[in-house]
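For reference, the structure discussed in these notes is given below.
Proteins get letters first, then strands, A, B, ... in listed order; numbering begins at 1 in each. The figures that follow rest on heavy atoms only: side chains count, while hydrogens, waters and symmetry mates do not. Predicted model only: the values in this text are computed from it and were never measured.
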Amino acid sequence: MRAVDLELVHRCQHGDAAAFEEVYRAHAGRLYNLVLRMAGSAHDAEDLLQEIFLHAHRKLGSFRGESSLGTWLYRLAVNHCLDVLRSRQAKMTRVTESLDEEGAAEPAATSPLVPTAVSRLDLERAIARLPAGCRTAFVLHDVEGFEHNEIAKLLGVSEGTSKSQVHKARLKLRAMLSGVTP
Amino acid sequence: MTCQEYDGQIDDYVDGALPEPVRLECEAHLSTCASCRALTTDLQTIRQATRALEPHVPSPQVWYRLAAAIDAQPRGLSSVWLGSWQRAVAGATTCAVLIAGLSWLGGRLAPIAREHDRVASVALTTTGDTLPIDAAEFSAIEQQYTAAIAGLEDITRDQRAALDMETADVLTANLKVIDGAIGESRAALDQDPDSSVAQDTLFDALRDKLALLQDTVAIISAMRQTNAGGTAQVDTGSNQ
């Protein structure tokens, strides 16, 4: 763990409010982007971000420094988002099953359908419209850069399911961005 | 390699995660299959666009709310509120903390913060289960709310020009709804002054109004800072 993290955590553990604000300022941006894309709406994302940092504030006393503060917060955020998404969807396995059954529309074409210069706004909207299950896997893999074996552990699914969900998300995005309803 | 076989490899191909021999087989297939080539190009485009997504910024209100929630924790006011009296004073405590969190607004809010701290101190010394609260206590708490709301209304009125028209319209509409609820609660209390439900409803409505005005003042301040700094953080945060 970096010395600056260590000092910040030490100050937070002793009730230094300014230190916790430093933690927030340093990490809120990255966590917000993760949460925003996992949650699919800015309103939900801000609520989740607040809950995550409140949870972190309560748990800082148990922070052992075995990883960096950023990594610790990141894992906390991912787990909190997954808890919330799971409770919303009843169970991730049900989402997975429904996605597997549903499949994804795959427009037949012999030339590319997606504009080479995809609008950022269109892509953001399309990601937000993905079903929660495959959106989570997609965000963790394609946006956050997790490997499938890491996603499998995080989501409690097989590596194959993680790959399958990312594949479905990509196909759905292709359909949405090319104007074909998935 | 058939299209079906390629379909099983396409994501790893797009991700650049295939061993060399398999990648070469895929490329051989792509050179002869326009449909798979089109799909691959689209997935590569999406992947590149996803990687290039710009970061978003949370609105300043997240920190204010978080700071208020953290400040409230040591006071022992959890989300499990016990009754109308406790709920009323706990709400006032939260409002006091929120107001205190806006100290960067300068001296204009200081008197309001002091008023709310007084309510908060009442909350901290209250241990009974008095339901409903008596007229004197009720009146004292209501006056604290009213004073705090009046202070924030003054600021909002003075600084309203800093808000864009859409935000100002939303504010007006929401205030109208809350004022309607406040009026109905007061009418109910006129008929039954001892009704704890009516007291709760009134305090809830007053708390909502205080929170709305408080958010508005925070937005105004953030907008003024944004304008002064030549950046667009508030817009970025609120338009996501």
Side-chain angles (χ1 to χ4, degrees), chain A residues 15 17 20-21 24-25 28-33 35-37 41-43 45-54 57-58 106-120 122-124 126-127 138-139 141-143 145 147-148 163-164 166-167 169-171 173-175 177-178, chain B residues 3 7-15 17 30 32-74 78-79 97 100-101 103-104 215 233 235-240:
Chain A
F20 192 71
E21 184 170 358
Y24 177 84
R25 303 281 174 216
R30 186 183 178 211
L31 297 187
Y32 180 68
N33 282 280
V35 171
L36 175 63
R37 292 184 174 115
S41 90
H43 181 268
E46 294 201 341
D47 284 349
L48 280 169
L49 187 67
Q50 183 181 331
E51 289 167 16
I52 287 161
F53 273 97
L54 197 57
H57 185 265
R58 289 176 184 143
E106 190 174 332
T110 52
S111 58
L113 298 171
V114 177
T116 48
V118 180
S119 144
R120 180 185 65 82
D122 287 346
L123 181 58
E124 295 274 16
I127 292 172
F138 175 80
V139 168
H141 187 270
D142 278 21
V143 181
E147 299 293 337
H148 286 297
K163 285 186 176 183
S164 160
V166 171
H167 181 66
R170 287 173 172 177
L171 293 184
L173 287 175
R174 184 199 192 207
L177 293 168
S178 59
Chain B
C3 289
D7 195 51
Q9 306 288 346
I10 187 169
D11 287 289
D12 283 340
Y13 179 81
V14 168
D15 291 338
L30 288 175
T32 62
C33 179
S35 174
C36 288
R37 199 163 56 240
L39 175 61
T40 302
T41 301
D42 281 344
L43 296 192
Q44 286 171 331
T45 301
I46 291 167
R47 190 172 189 276
Q48 284 166 8
T50 303
R51 297 237 154 177
L53 282 175
E54 290 172 10
H56 292 269
V57 180
S59 73
Q61 279 66 40
V62 179
W63 168 251
Y64 302 140
R65 289 195 293 262
L66 175 64
I70 289 170
D71 280 354
Q73 283 186 110
S78 70
S79 58
V97 171
S103 57
W104 45 268
D215 279 350
Q233 289 189 0
D235 287 343
T236 307
S238 59
N239 288 334
Q240 288 150 20

Practice problem: For a side-chain contact (heavy atoms from CB on, under 4.5 Å) with A/Leu31, tell me which candidate from A/Leu48, A/Leu49, A/Leu36 qualifies. | Solution: A/Leu49
Practice problem: Of all the heavy-atom pairs spanning A/Gly29 and B/Pro58, show the shortest one and how long it is. | Solution: CA-CD, 4.4 Å
Exercise. Measure from the side-chain N and O atoms of B/Arg37 to the backbone N and O of B/Leu30, and report whether any donor-acceptor pair falls under 3.5 Å.
Key: yes
Exercise. Between chain A and each of B/Leu66, B/Asp42, B/Thr45, count heavy-atom pairs under 4.5 Å; write down the option with the most.
Key: B/Asp42
Quiz item: Of the listed residues (B/Asp15, B/Thr41, B/Ile10, B/Leu43), which shares the most heavy-atom pairs with chain A below a 4.5 Å separation?
Solution: B/Asp15
Quiz prompt | Pairing residues for A/Tyr24 by the side chain to side chain donor-acceptor pair (under 3.5 Å) criterion, not counting sequence neighbours | solution = none
Quiz prompt | Qualifying residues under side chain to side chain donor-acceptor pair (under 3.5 Å), relative to B/Gln9, sequence neighbours excluded | solution = none
With a 4.5 angstrom heavy-atom cut-off, which part of [X] approaches chain B: side chain, backbone, both or neither?
| X | result |
| --- | --- |
| A/Asn33 | side chain |
| A/Leu123 | side chain |
| A/Arg25 | side chain |
| A/Ile127 | side chain |
| A/Glu51 | neither |

Practice problem: Select, from A/His141, A/Arg37, A/His148, the one with the greatest count of heavy-atom pairs under 4.5 Å involving chain B. | Solution: A/Arg37
Quiz item: Side chain, backbone, both or neither: which part of B/Thr50 has a non-hydrogen atom closer than 4.5 Å to chain A?
Solution: both
Quiz item: What part of B/Glu54 gets closer than 4.5 Å to chain A, counting heavy atoms only: side chain, backbone, both or neither?
Solution: both
Self-check item: Residues B/Asp11, A/Arg170: salt bridge by 4.0 Å N-O rule
Solution: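 Counted as a salt bridge, because a side-chain N and a carboxylate O are separated by less than 4.0 Å.
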Self-check item: Check against side chain to side chain contact (heavy atoms under 4.5 Å, CB included), A/Phe53 and A/Phe20
Solution: CA-CA 9 Å; A/Phe53 273 97; A/Phe20 192 71; 4.0 Å; yes
